[in-house]
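Quick notes on the structure that follows.
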Number of protein chains: 2
Amino acid sequence: MKTDKLARLQAADWKVGNAEEFLQLSDEEARLVALKLSLISAVKKSRIKRKLSQIDLAQRMKSSQSRIAKIEAGDPSVSLDLIVRALIASGATTRDIQAAFTANERVAS
Amino acid sequence: MKTDKLARLQAADWKVGNAEEFLQLSDEEARLVALKLSLISAVKKSRIKRKLSQIDLAQRMKSSQSRIAKIEAGDPSVSLDLIVRALIASGATTRDIQAAFTANERVAS
DNA sequence: ACAGTATATGTCGGCATTGACATATTTGCA
DNA sequence: TGCAAATATGTCAATGCCGACATATACTGT
């Protein structure tokens, strides 16, 4: 029956679509996570390099010590925005940020 | 009087400190804004290059067409997280993302 | 071992960002 | 021109992320 076949095809499409979609999504998610990890690592390196305490950095970017700790601990409540702001505030050069991305590429691919 | 001098010095420090702080903050803010603009531009380029409509891209990243439009319009309600997720979902390579940062460096420095 | 400093962890009220939706406007093509 | 697809704009309830604070734990020199 026409409707049956259609239903089956749609179901198949739906399954495949979802599987691909799922895989793609987890890949994208993985890339984002890897990127965040690289940037987090860069934040800590940059902060230590400039001999800033977490309190120092927090003051520079008008945040709090606990937020900095959470950034460096990879706490899920920390956004990419905050990580990058910390990176900039810590005195990281644009080259440093690029380097973080490069590191990310090596890991991710 | 000792306390007067101290008070004046503190006041001066406070003023200078705030001025520097303000300048530094706006510089950091400027770098972040420039970075966002570069990434936004990269999103649109990447999406067009892959011949995706805003709806297509929205579905890929489980967002909505209006969000994509807002991303590309530089709407203030859009986070860096969302921009980068769009960039990744649009099929941009890590090299593309790096390129956006490089472009940002040229503009910012 | 102790004190002082740095970092980690948990919590919370409040503001920012979200996807979804409706609708307006623009674009491109027959 | 006029139609259809794409994009833009405005709004809102729900969720996410924020700084701040309290407090715990880990360092570091004495």
Side-chain angles (χ1 to χ4, degrees), chain A residues 17-18 21-22 24-26 28-33 35-37 39-92, chain B residues 17-18 21-22 24-26 28-33 35-37 39-92:
Chain A
N18 267 20
E21 192 175 89
F22 176 76
Q24 187 177 358
L25 266 188
S26 46
E28 285 163 8
E29 178 96 6
R31 284 183 71 190
L32 186 60
V33 168
L35 175 57
K36 280 194 180 183
L37 288 179
L39 294 173
I40 285 170
S41 163
V43 166
K44 189 156 193 176
K45 273 203 189 97
S46 179
R47 179 178 70 79
I48 298 296
K49 186 176 179 181
R50 271 94 179 171
K51 303 189 180 182
L52 300 171
S53 67
Q54 292 184 344
I55 292 183
D56 293 336
L57 179 53
Q59 285 172 342
R60 278 196 184 208
M61 58 187 286
K62 309 226 176 199
S63 180
S64 62
Q65 180 268 328
S66 57
R67 274 286 129 203
I68 307 297
K70 281 171 223 263
I71 289 173
E72 297 185 356
D75 190 286
S77 81
V78 172
S79 72
L80 184 55
D81 295 63
L82 197 67
I83 296 172
V84 172
R85 283 179 48 224
L87 197 46
I88 293 175
S90 75
Chain B
N18 266 18
E21 192 174 271
F22 176 76
Q24 188 177 359
L25 266 189
S26 45
E28 285 163 10
E29 179 96 5
R31 285 183 70 189
L32 187 59
V33 168
L35 175 57
K36 279 194 181 185
L37 288 179
L39 293 172
I40 285 170
S41 163
V43 166
K44 188 155 195 176
K45 273 202 188 98
S46 178
R47 178 178 70 79
I48 299 297
K49 187 176 180 182
R50 272 90 179 177
K51 302 190 179 178
L52 300 172
S53 67
Q54 292 184 343
I55 293 181
D56 294 336
L57 179 53
Q59 285 172 342
R60 280 195 182 208
M61 57 186 288
K62 309 228 177 199
S63 180
S64 62
Q65 180 269 326
S66 58
R67 275 283 128 206
I68 306 296
K70 282 171 222 272
I71 288 173
E72 296 184 356
D75 189 287
S77 81
V78 173
S79 72
L80 182 56
D81 295 64
L82 197 66
I83 297 172
V84 171
R85 284 179 48 227
L87 196 47
I88 293 175
S90 74

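Numbers restart at 1 for each chain; the letters A, B, ... are given by sequence-line order, proteins then strands.
- Considering only side-chain atoms of S79(A), the nucleotide from dC18(D), dA8(D), dT7(C) that sits closest is dC18(D).
- The backbone N or O of G91(B) sits less than 3.5 Å from a side-chain atom of R50(B), completing a donor-acceptor pair.
- Comparing I48(A) and D81(A) along DNA chain C, the residue whose closest nucleotide (by nearest heavy atom) sits nearer the 5' end is I48(A).
- For S53(B), taking side-chain heavy atoms from C-beta onward, the closest of the listed nucleotides dT7(D), dA20(C), dA8(C) is dT7(D).
- Side-chain contact check for R31(A) and S26(A): no donor-acceptor pair (N or O, by modelled atom type) lies under 3.5 Å.
- One can place CG of D75(B) at 10 Å from C1' of dT17(C), the figure rounded to the nearest angstrom.
- Listed pair R67(A) / dT9(C) fails the phosphate criterion, with no side-chain N or O lying under 4.0 Å from OP1 or OP2.
- Across the protein-nucleic acid pair, L57(B) atom CG and dA6(D) atom P stand 13 Å apart, rounded to whole Å.
- For Q54(B), whose side chain is taken as the heavy atoms from C-beta onward, the closest listed nucleotide among dT11(D), dT7(D), dT18(C) is dT7(D).
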What does the list of N/O pairs under 3.5 Å between the protein and nucleotides 22-30 of chain C look like, with a distance for each?
none

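- One can place CD1 of I83(B) at 12 Å from C1' of dT17(C), the figure rounded to the nearest angstrom.
- No salt bridge links R85(B) with E29(A); every basic N to acidic carboxylate O contact stays at or beyond 4.0 Å.
- Remark: E28(B) does not engage R60(A) in a salt bridge, criterion side-chain N to carboxylate O under 4.0 Å.
- The bend of the helix from dA1(C)-dT30(D) to dA30(C)-dT1(D), defined by the angle between the axes of its first five and last five pairs, stands at 60° to the nearest 10°.
- One interatomic measurement links the two molecules: NZ of K36(B) to C1' of dA16(C), which rounds to 11 Å at whole-angstrom precision.
- The separation between K44(B) atom NZ and dT7(D) atom P is 8 Å, rounded to whole Å.
- A donor-acceptor pair is defined here as one N or O able to donate and one able to accept, closer than 3.5 Å; such a pair exists between the side chain of S90(B) and the backbone of L87(B).
- Put simply, the side chain of K44(B) does not reach to within 4.5 Å of the side chain of I71(B), judged on heavy atoms.
- Side chain of D81(A) to main chain of S79(B): no donor-acceptor pair is present (N/O by atom type, distance under 3.5 Å, no hydrogens or angles).
- If you measure from atom CD1 of I55(A) to atom P of dC21(D), you get 13 Å, rounded to the nearest angstrom.
- Heavy atoms of I68(A) sit nowhere under 4.0 angstrom from any nucleic acid atom.
- Here the P atom of nucleotide dT7(C) and the CD1 atom of I40(A) are 16 Å apart, to the nearest Å.
- Nucleotide dA5(D) holds its P atom 15 Å from the CD atom of Q59(B), rounded to whole Å.
- Listed nucleotides: dC18(D), dA8(D), dT18(C). Nearest to the side chain of L82(B): dT18(C).
- Side chain K70(B) to base dG10(D): a donor-acceptor pair is found below 3.5 Å.
- Among the protein residues, S64(B) comes within range of the nucleic acid bases, having at least one heavy atom under 4.0 Å from a base atom.
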